[in-house]
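Structure, as structure tokens:
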Amino acid sequence: MHSTLSFSRATTVPTTNYAFHSQSPINLRFCGLRREAFGISILTRSSSGRVRLSTRGRSKRISASTGNNGTPPKSFDYDLIIIGAGVGGHGAALHAVEKGLKTAIIEGDVVGGTCVNRGCVPSKALLAVSGRMRELQSEHHMKALGLQVSAAGYDRQGVAGHANNIASKIRSNLTNSMKALGVDILTGFGTIVGPQKVKYGKVGFTDNVVTAKDIIIATGSVPFVPKGIEVDGKTVITSDHALKLEFVPDWIAIVGSGYIGLEFSDVYTALGSEITPARDGKPVIIELTDAKTKEHKDTLEVDAALIATGRAPFTNGLGLENINVVTQRGFVPVDERMRVIDANGNLVPHLYCIGDANGKMMLAHAASAQGISVVEQVTGRDHVLNHLSVPAACFTHPEISMVGLTEPQAREKAVKEGFEISVAKTSFKANTKALAENEGEGLAKLIYRPDNGEILGVHIFGLHAADLIHEASNAIALGTRIQDIKFAVHAHPTLSEVLDELFKSAKVKAPASTSSPISEPVAA
Ligand SMILES: Cc1cc2nc3c(=O)[nH]c(=O)nc-3n(C[C@H](O)[C@H](O)[C@H](O)COP(=O)(O)OP(=O)(O)OC[C@H]3O[C@@H](n4cnc5c(N)ncnc54)[C@H](O)[C@@H]3O)c2cc1C
Ligand SMILES: NC(=O)c1ccc[n+]([C@@H]2O[C@H](COP(=O)([O-])OP(=O)(O)OC[C@H]3O[C@@H](n4cnc5c(N)ncnc54)[C@H](O)[C@@H]3O)[C@@H](O)[C@H]2O)c1
């Protein structure tokens, strides 16, 4: 039986062998991941169609209001109730307990949410396998290291089991950590029934009502499937199905070349799939249409299609209408402190939304950091998370990581605010550790202000880029300037010297600060 997919948007299909090409910056940009920063493009059939799931700009002035959605309770069962026990909810819960808050977390499915059960954790387990397969299959690479491997193979069930086991293990770690700290885990679907009041329970059965001084919505997201595509879980799948690795199709089309598209093309190509072009007579037919002209471009016939076209917030049934909150394309509107904004533009007292459900930055660590930021606020310390200091990484081979602005974004900001920017680049080619690993392909790029040494953005493409980015993200978070960080000492030989060289190569006019935390204070 044929499933027919029709796309009104251009389909972005990573090519066989997952080719990256250096060329001039292009306009393919997706949530958090910025390929144009490197001038890297993914070969596409058409690059004109794209979807951005992001929060909208809000210019309305925000003021606190009590609203008229019922009477707030006079005393509370909890200091804090979190709806959703994903990584965002978990991070908030642990920090709340540390701050002495009586905390409950409501979970309608399994603890760990997307990241642990259907996201970061199982996908990174699959990518760990694909990385090794890729290495073992590369005769050239093995030869360069003087190694001989007769044949690299894998057992599909074994690989799937590895991903599943690690998800179960981390799920129980998360559950145990919350239980051990005294977080009440309340099982059932949570709905806000009024200010500071939530009911939870199995849908259609008796509801329990609990109250809290503050409530955090952390209900996450689900795969977004464009209209006209029917997901059957077998031939047309989302990441939820793909992570189970129930089969490795010979020919698969991956629709969308964002994080999921890239990471799964790495997995499937390493495990032997062909990622388009497809042969004839296959069960899934994909019509490729130019997003602008609607002109038919091509027809693909493949064994399977992975729909990786973004994620939609999961906010249905949350009862937001009971507190006069209207979602925007499903996302809960929040201000920079994650405080929920009602339909009139006023803040809903004591209500916050973190993680994928607010759409600010759909990453696990961003969800958790937002949760921690909210707990800081409700326990008396004002805190605004600087999202420009939150790193992001795509765990392909090689990895891609980034923090802060892209070069085009930095240039736009520079024009608006009237300052100059400079760009420095270093390569992995001269790095001893990278060469020892025979992994010299890679580069790092720094976008900065030459006048005061402010780091505006760092982008890395190469071995362990996801780990290397943290020196830059910590520097941005702490406000450390290049003229100071360039004196920090890095162990030799390590990949971290790529960043050392990057900072040292920047030409900053401002002198190093005399109170730099990196230098020993000199007695007067
Ligand atoms: C394939 C894949 C790979 C990914 N890899 C990475 C990665 O490597 N790094 C990274 O940073 N991010 C990654 N992400 C993104 C990451 O998973 C999400 O950003 C993160 O899970 C968001 O956390 P959250 O707490 O907001 O929501 P979720 O993790 O989605 O958790 C929400 C929880 O709320 C529960 N819930 C929802 N509604 C209710 C309700 N009304 N009542 C009770 N419970 C409710 C859900 O059951 C769920 O458990 C990946 C995502 C996918 C799909
Ligand atoms: N390593 C990580 O941190 C990681 C890994 C996986 C997922 N995630 C998170 O999960 C979220 C979802 O990932 P994703 O890759 O699905 O989304 P994404 O937003 O990163 O990419 C979706 C891509 O699909 C394209 N697209 C949308 N509709 C299309 C259509 N009809 N035809 C062709 N292309 C279309 C978009 O242009 C975009 O490039 C991301 O926002 C990311 O934050 C993170």
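As the structure is a computational prediction, the values presented were derived from the model and not from experiment. Atoms within a ligand are numbered from 1 in the order they appear, just like the ligands themselves.
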With nothing but distance in play, are any N or O atoms of Tyr259 less than 3.5 Å from an N or O of ligand 2?
yes

Qualifying residues under side chain to side chain donor-acceptor pair (under 3.5 Å), relative to Asp77, sequence neighbours excluded:
Thr211

Could you tell me whether some N/O pair between Pro226 and ligand 2 is separated by less than 3.5 angstrom?
no

List the residues meeting salt bridge (charged side-chain N to carboxylate O under 4.0 Å, His left out) with Lys124, not counting sequence neighbours, and say none if there are none.
Glu263

When only distance counts, is Leu363 in polar contact with ligand 2, meaning an N/O pair under 3.5 Å?
no

Under 4.0 Å from one or more heavy atoms of Arg311, ligand 1 contributes atoms 53 (C)

Does Gly310 reach ligand 2 with a nitrogen or oxygen that is under 3.5 Å from one of the ligand's nitrogen or oxygen atoms?
yes

Specify the protein heavy atom at minimum distance from atom 39 (C) of ligand 1: its residue, its atom name, and the distance to 0.1 Å.
Thr219 CG2, 3.5 Å

Between ligand 2 and Ala392, can you find any atom pair, the residue atom being a heavy atom, that is separated by under 4.0 Å?
no

With nothing but distance in play, are any N or O atoms of Phe395 less than 3.5 Å from an N or O of ligand 2?
no

Note: ligand 1 atoms sitting under 4.0 Å from heavy atoms of Leu363 are 11 (O), 12 (N), 19 (O)

Just which atoms of ligand 1 are under 4.0 Å from any heavy atom in Gly190?
40 (C), 41 (N), 42 (N), 43 (C)

